[in-house]
Amino acid sequence: MSIKSRLGLKSQFIQGAIPSEKDFCDLIDSALNKRDDHFLGKWTPGVSYRHCDVVIYKKSLYILDLTIDPQCEENEEDPPAGSADIECDEQTINEQGELCDSTPPDQHCQWCLMELYNQDNDFIILTDEEGREIGVARVHGRVGIGTDQPEARLHVTDQEHGHILLEPNQDGEPAISLVKINVPVVGDPNETEEKNTTFSQQDDRAVLQTDALGYVFFQLPKPPVNAAQGKTKSSSTPAVEPATLLLLSVDPDDRDRIRVGVGTDEPAGNLDITQKGRGKLLVNPGEHPEQELFLINLEPQCEGQYVMTAIGSAAAIFTTDANGGFRFKKGKDLDTALGQQSAEDGETLMTIHSSGNVGIGTELPESALHITDNESGSVRVHLDNDNPVLSIINERPSPNAPDTYFAIGVDDEYGVMITDAPSGIVIKRGEKKSARFKHEVNINQGDNIIYIHPEGRIGVSTMVSPEFYTLEVEGTLKNLSAYLETDGSKIQQTGSLSDDDEVELLKKLDKLDPIRFIWKEHTNCAGSGEQIGFHSQNVFECIPEAVSKSGSLKSYNNAGVTAFLTEVIKRQQKVIDDLCERVANLEKDRKGGSGSRS
């Protein structure tokens with residue numbers, strides 16, 4: 001049987017190998033056995049220990065010496081190491097000669113602290129040529145520098161300032177502790193305390209722990225250079241204050257509030273990233289309950305203007321005191337944006353001005369909502385006048401087409417449409433919505449239905465805007481009643497049809513020729529069936545006063561024809577009345593003559 005290395009043992013237990021009895025014996029002999037090798041690890045109360053067993057207690061090694069009188073009576077003048085000023089308990093040795101006790105090793109005289117001496121071959125002391133000592137140690141206990149009671153594997157101390165401790169912790173992990181003493185207590189400068197910072201390695205992570213307020217990382221300035229010799233001057237004190245790179249801290253008044261500073265050692269929020277003369281990013285400053293993010297411009301011309309985003313209880317919130325409000329821009333590619341592109345570069349898509357006005361396509365909105373396109377025009381919603389208004393402005397640059405507008409609004413009494421377009425307003429019947437032709441956004445298509453002329457004339461289903469008639473309808477007109485307002489305040493009478501020559505009236509009536517007709521297909525009355533009436537040319541030849549012309553087209557006035565026919569009927573009625581009277585007289589005369597003959 002032999003003691004082998006780990007590599008030698010692993011070669012006997014690789015996949016496919018069949019370990020022999022010797023291989024298992026070698027494995028057992030090569031492994032540490034607590035009982036045979038007397039190393040029991042951490043001391044545990046109530047465990048049975050044998051003579052010369054070694055344990056770890058409070059980061060120190062103790063060895064059990066059962067030859068020492070547990071009553072310490074024979075050793076009062078020269079007590080064993082680790083037993084001074086200790087009152088030993090009664091001996092608790094079992095039948096196997098093992099100590100089974102619950103008294104800690106530092107309070108039991110039979111447990112001896114393993115100390116190091118120059119002569120025990122734990123140290124090798126070397127000196128240089130001038131006799132100065134250079135210490136190189138093989139250490140199995142503790143080493144103290146500045147102290148004769150080291151509390152770690154290596155304990156370097158300055159009784160006025162603090163300690164450096166190098167040791168594995170109780171779990172066997174390596175650690176370095178820095179302890180600063182005489183630290184003023186926050187809030188009570190008359191009291192002092194010590195602060196401990198520990199660096200350790202735990203499994204796959206490095207751990208940094210402290211009971212101070214936090215951590216600060218500084219960038220030391222370059223040391224000054226001796227110009228004469230071209231060498232760096234050595235100085236324990238830098239010429240300028242070191243720059244703060246990173247601060248990790250807790251609020252002294254609220255230990256649950258974490259503060260991180262980058263470029264500042266006085267963070268104003270949970271996270272404070274500061275670049276002097278340029279800007280600052282703050283996360284959750286102040287005591288507000290909302291989660292907030294601040295971007296602050298520290299350039300001199302900006303006077304600390306900021307933009308803040310937050311999540312409130314009901315909505316996301318954006319706030320700024322910048323003079324121009326918010327601007328949403330279209331940027332370039334990522335590499336350009338991360339490179340030399342300024343935040344001011346790029347095309348402005350939308351603006352929320354500090355006045356509250358919203359602009360799309362403009363950085364200076366002139367109304368509550370201002371949408372503009374330099375190639376087309378603008379749409380504006382105005383709420384700053386007495387009455388709200390929606391205005392559409394055609395601003396296409398053309399020398400022969402001046403800017404025009406169309407606005408819709410409402411006041412206390414009326415809904416209002418207003419325009420300065422030279423031909424007024426037209427209402428169209430458009431084509432069906434089409435993804436190909438986009439009829440829904442094209443006003444230059446469809447059939448005209450209604451015209452409203454700038455002078456107030458209205459055309460319904462006419463081919464062009466009415467130029468002659470106040471109301472021009474090309475189609476069927478239906479109404480329950482119609483009135484012609486010929487009150488004396490509106491007209492000046494120029495004559496009476498009763499003054500016209502009776503013979504001429506009858507001639508005109510004789511020429512008037514009622515007809516049956518249907519409307520042609522291109523008119524809006526097509527399909528309404530057979531009609532009766534007059535041909536406009538026929539009416540013009542008989543009663544020109546009752547006919548109106550629109551270019552080459554003629555239309556007659558039913559009221560004029562009715563007036564003419566009324567006068568003719570009156571004349572005819574007079575003739576009828578005269579004839580009736582003559583007939584009556586003749587009959588009377590005939591009856592009278594017959595009586596005289598009888």
Novice: Who are the side-chain contact (heavy atoms from CB on, under 4.5 Å) partners of Glu485, not counting sequence neighbours?
Specialist: Lys490

Novice: With rounding to the nearest 0.5 Å, note down the distance linking OG in Ser548 to CG in Asn557.
Specialist: 9.0 Å

Novice: Answer yes or no: is there an ion pair linking Lys428 with Asp447, defined by an N-O contact shorter than 4.0 Å?
Specialist: no

Novice: Checking Tyr451 against Thr462 for the side-chain hydrogen bond (donor to acceptor under 3.5 Å, both in side chains) test, could you report, in this order, the C-alpha distance in whole Å, the side-chain angles of both residues, the deciding distance, and whether it holds?
Specialist: CA-CA 8 Å; Tyr451 289 99; Thr462 58; 5.6 Å; no

Novice: Side chains of Thr372 and Pro365, heavy atoms from C-beta outward: is any pair under 4.5 Å?
Specialist: no

Novice: Start with the C-alpha gap between Glu440 and Lys432, add the side-chain angles, then the distance that decides, and say whether salt bridge (Lys or Arg N to Asp or Glu O under 4.0 Å) holds.
Specialist: CA-CA 8 Å; Glu440 65 275 14; Lys432 290 184 178 180; over 6 Å; no

Novice: For side-chain hydrogen bond (donor to acceptor under 3.5 Å, both in side chains), just list the numbers for Asn284 and Gln291, CA-CA rounded to whole Å, side-chain angles, deciding distance to a tenth of an Å, and then say yes or no.
Specialist: CA-CA 6 Å; Asn284 292 338; Gln291 299 298 306; 2.9 Å; yes

Novice: Within a strict 4.5 Å, meaning less than it, do heavy atoms of the Phe199 and Leu178 side chains meet?
Specialist: yes

Novice: To the nearest 0.5 Å, what is the distance between NE2 (His522) and CE (Met463)?
Specialist: 8.0 Å

Novice: Thinking salt bridges, do Glu366 and Arg380 make one under a 4.0 Å N-O criterion?
Specialist: yes

Novice: Do Pro285 and Phe294 touch side chain to side chain, with heavy atoms closer than 4.5 Å?
Specialist: yes

Novice: Might you point out which heavy atoms bring Gln531 and Ser528 nearest each other, and give the distance in Å?
Specialist: NE2-O, 3.2 Å

Novice: Hey, can you tell me if Tyr556 and Phe534 have their rings parallel, tilted or perpendicular (30° and 60° cut-offs)?
Specialist: perpendicular

Novice: Could you tell me whether a side-chain N or O of Ser249 sits under 3.5 Å from a main-chain N or O of Leu213, the two making a donor and an acceptor?
Specialist: yes

Novice: Is it true that the side chains of Thr264 and Thr274 contain a donor and an acceptor less than 3.5 Å apart?
Specialist: no

Novice: Please check this pair: side chain of Asn297 against backbone of Gln305, looking for a donor-acceptor N/O pair closer than 3.5 Å.
Specialist: no

Novice: The test is salt bridge (Lys or Arg N to Asp or Glu O under 4.0 Å); show your working for Glu193 and Lys195 and say whether it passes.
Specialist: CA-CA 7 Å; Glu193 59 184 349; Lys195 295 296 182 181; 3.0 Å; yes

Novice: Quick one: does Val260's side chain get under 4.5 Å of Leu246's, heavy atoms only?
Specialist: yes

Novice: Can you tell me how far the SG atom of Cys525 sits from the NZ atom of Lys520, to the nearest 0.5 Å?
Specialist: 14.0 Å

Novice: Do any N or O atoms from the side chain of Arg457 and from the backbone of Pro466 form a donor-acceptor pair under 3.5 angstrom?
Specialist: yes

Novice: Do the side chain of Asp272 and the main chain of Ala268 share a donor and acceptor less than 3.5 angstrom apart?
Specialist: yes

Novice: Can you list every pair that meets ring pair (Phe, Tyr, Trp, His ring centres under 6.0 Å) and has a residue in residues 412-442, with sequence neighbours left out?
Specialist: Phe437-His439

Novice: With a 4.5 Å heavy-atom cut-off, do Lys438 and Gln445 have their side chains touching?
Specialist: no

Novice: With sequence neighbours left out, write down each residue that passes side chain to side chain donor-acceptor pair (under 3.5 Å) with Gln219, or none if nothing qualifies.
Specialist: none

Novice: Between Thr351 and Thr362 (side chain of the first, backbone of the second, donor and acceptor by atom type, cut-off under 3.5 Å), is there such a pair?
Specialist: yes

Novice: Would you indicate whether the side-chain heavy atoms of Met308 and Thr320 approach each other to under 4.5 Å?
Specialist: no

Novice: Show your working on salt bridge (Lys or Arg N to Asp or Glu O under 4.0 Å) between Glu194 and Lys180 and close with a plain yes or no.
Specialist: CA-CA 6 Å; Glu194 69 176 34; Lys180 184 174 179 59; over 6 Å; no

